[in-house]
2 protein chains.
Amino acid sequence: MAKNRNTEQKIFDAATELFLEKGVDRTSVRDIANKAGINLALMNYYFRSKENLFDTIFSSLVKKNSEDLIRILNSDLELYDKIRQYVHVYIDMLSDNPLLVSFVMAILHRSRERITEMKAITSLYSTEAFTKQIIEEGKKGSIRRTDPTQLFVDMLSLIAFPFAIKTLIRDKNSFSEEEFQAFIEERKRRVPKMLIDSMRPCS
Amino acid sequence: MAKNRNTEQKIFDAATELFLEKGVDRTSVRDIANKAGINLALMNYYFRSKENLFDTIFSSLVKKNSEDLIRILNSDLELYDKIRQYVHVYIDMLSDNPLLVSFVMAILHRSRERITEMKAITSLYSTEAFTKQIIEEGKKGSIRRTDPTQLFVDMLSLIAFPFAIKTLIRDKNSFSEEEFQAFIEERKRRVPKMLIDSMRPCS
DNA sequence: AAAATGTTTTAAACTTTGTTTAAAACAATA
DNA sequence: TATTGTTTTAAACAAAGTTTAAAACATTTT
C-alpha cells in the first residue's frame, strides 16, 4: 500500500513533466517509464492507457485551476468588476500553467467526440449564473442587450487565443519571454476595457 | 512523366480527404495508400514523410486562401472598412475550410520549433503595411493610439478562436450546425464593431 | 533494335509506438 | 507456514511510420 501510491505518483509526475516539456504526442510511454524509473507495463497497470493517463493529469490540473474561475462567475459581484476579475484571474492562470494551454490545444485537436466527453474542459466555460446576469442587466438597461454566448466567446477568445499562438506572436515581434509576459500583462487591462466598452448602454 | 504527376496527385488528394475526415493523427499512411490505390512505400517516395505530406497540403491550402487576406491588409482602404472586410473575409474563409482550422490546431499543438519553420502560417498573420497604418492614424489622432500587435491579436483571437472551440460552443448551447453557422454569421457584424469601438478617439 | 541508364513501383523487412500476457516477486492473511 | 492477493517484471504483440533492394517500366544512347 505504500509502494502503490508511490509508483502511481511517480508515473503521474514523470508524465506531467514530459508532457509539458515535449508535448503529449512526442512523449512515449517508454520515456515516461524511464523518467519514473519503473517498468514499462506499470503505466498500463495503474492508468489503463496513455490516453487515460493524459485525461487524469488534465482533469486534475483543470479542477485545481477552474474553481476560482467558476467562483467568480457565480459570485454576486457587479458585472463589470466580475468581468475584470475573471479576465485577470484567467490570464494569470494561463500564464502560470503553460501545460494547461498546451493540453487544451492537444484536446481541441482531438476527435470531436472526445472533447465533449471531457467534463473537465467544460469547467473552463461559462456558467448558468453568469448567463442569467447578462440577460437580466440587458433587460434592466444597465447594459446593452447582449447575447451571452457571443459575449462569453469574445471573452474566452481574447483571453486564451494569444497563448495558443504565443510562438507566432513572439516570432513575428521578436519578443523575448519577458516581453511576451509584458504583452500579456497589458491585456489584463485592455481586454476587460474592450469587453465592457462593447456593452455600455446608449452609444 | 504522366503516371508521375498522377500518383503524386492521387496521394495528395486521398490524404487531404482523409485528414479532413478523420484528422491527421488518426489517418495512417496505410489508409492513404489504400484510398489512393497505391503501394505503401510510394507515400515516402513522393513525399519524404507523413509530416512532410501534411506540410505540403497545409501550405498549398494556406497559400490559396491567404492571398485575399494579405491583399486586404495591404490595400489603401479606409481603416475601419479595412477591418470590416478583413474580418468578413477571414471568417468566411474559416467557415468554408474546416480543414484549415483543424490543420492550424494540429500545428499549434505541435512542437514550438516547427511552427516558426512553417512560412505558410505566417501569411495568416499581420503585415507591415497594416502596422504602419495603425501607428500613423494614431499619431494623426483619427484613431486612439493603439499598439498594432495588441490590436491584431485581438482581431485574430475574435476571428479564429470560436472555430477552434466550435465543438464546445455547439455542445454547451445545443447548437445545430445551422445554428452555429448563424452564430458565426452574427460575428461578422459584432467583431468589427467591437474592434472599431475600441479604437474610436476621445471616449 | 539492343543495351544502358534512369525512374517508378513493389514486397518485404525494420523501428518505434502503445498494449497485453504470463510468470515472478512481494505482501498480507489465515 | 501455506494461501491468497497485489505489484512488478520480461517478453511478446499489433499497428504505426519508414527503409530497402529488387523488379517493372520508361527513356536515352549507341
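Sequence lines set the chain letters: A, B, ... in the order given, protein chains first and strands last, and positions in each chain run from 1. These values consider heavy atoms only, across backbone and side chains, with no hydrogens, waters or symmetry-generated copies.
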Asks: Considering only C/dT19, C/dT17, D/dT9, which nucleotide approaches the side chain of A/S49 most closely?
Replies: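 That would be C/dT19.
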Asks: Among D/dT8, C/dT9, C/dT19, which nucleotide sits nearest the side chain of B/T7?
Replies: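 Among the listed nucleotides, the one closest to the side chain of B/T7 is C/dT9.
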Asks: Kindly check if the number of other-residue, nucleotide or ligand heavy atoms within 6.0 Å of CD (B/E128) is above 12?
Replies: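 Counting neighbours around CD of B/E128, 12 or fewer heavy atoms of other residues, nucleotides or ligands fall under 6.0 Å, so no.
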Asks: Should B/E179 and B/N173 count as side-chain neighbours, where that means a heavy-atom distance under 4.5 Å?
Replies: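 Side chain of B/E179 against side chain of B/N173, heavy atoms only: no contact under 4.5 Å found.
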Asks: Take atom CD of A/E51 and atom P of C/dG18, then tell me their distance rounded to the nearest Å.
Replies: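 Rounded to whole Å, this separation is 11 Å.
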Asks: Rounded to the nearest angstrom, tell me the gap between atom CG in A/L42 and atom C1' in C/dT20.
Replies: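 Taking CG of A/L42 and C1' of C/dT20, I get 13 Å after rounding.
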Asks: What integer distance in Å separates A/I38:CD1 from C/dT19:P?
Replies: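 That distance rounds to 13 Å.
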Asks: Any side-chain N or O of A/N39 less than 4.0 Å from the OP1 or OP2 oxygen of D/dT8?
Replies: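 No.
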Asks: Would you call B/K166 and B/E177 a salt bridge, taking side-chain N to carboxylate O under 4.0 Å as the test?
Replies: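 Looking at B/E177 together with B/K166, the answer is yes, because their closest N to O distance falls below 4.0 Å.
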Asks: Nearest whole Å is fine: how far is D/dG17 C1' from B/D25 CG?
Replies: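 Those two atoms, CG and C1', are 13 Å apart.
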Asks: Taking NZ from A/K50 and C1' from D/dA16, how many angstroms apart are they, rounded to a whole number?
Replies: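 That distance rounds to 13 Å.
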Asks: Surrounding CG of B/D96 (heavy atoms of other residues, nucleotides or ligands, distance under 6.0 Å), is the total greater than 12?
Replies: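 Yes - once you tally the heavy atoms of other residues, nucleotides and ligands closer than 6.0 Å, there are more than 12.
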Asks: Starting from P on C/dT8, measure out to CD1 on B/I11 and report it in whole angstrom.
Replies: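 Spelled out: CD1 on B/I11 to P on C/dT8 is 12 Å.
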Asks: Starting the side chain at C-beta, find the nucleotide from C/dT20, D/dG17, C/dT9 nearest to B/V29.
Replies: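 Nucleotide nearest to B/V29's side chain: D/dG17.
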Asks: How many Å lie between OH on A/Y46 and C1' on D/dT9, as a whole number?
Replies: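 Going from OH in A/Y46 over to C1' in D/dT9 covers 13 Å.
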Asks: Nearest whole angstrom, please: distance from the C1' of D/dG17 to the CG of B/L18.
Replies: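 For the pair B/L18 CG and D/dG17 C1', the rounded distance is 16 Å.
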Asks: Would you say B/F54 and B/F103 make side-chain contact, with heavy atoms under 4.5 Å?
Replies: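 Side chain of B/F54 against side chain of B/F103, heavy atoms only: contact under 4.5 Å found.
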Asks: Closest approach to the side chain of B/L40, judged atom by atom: which nucleotide of D/dA16, D/dT18, C/dG18 is it?
Replies: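 Of D/dA16, D/dT18, C/dG18, D/dT18 is nearest to the side chain of B/L40.
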Asks: For A/Y45 and A/A41, find the nucleotide of DNA chain D closest to each by heavy atoms; which residue's nucleotide sits nearer the 5' end?
Replies: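 Per heavy-atom nearest nucleotide, the more 5' residue is A/Y45.
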Asks: Look at the side chain of A/R30 and decide which nucleotide, out of C/dG18, D/dT9, D/dT18, has an atom nearest to it.
Replies: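 Among C/dG18, D/dT9, D/dT18, the one nearest the side chain of A/R30 is C/dG18.
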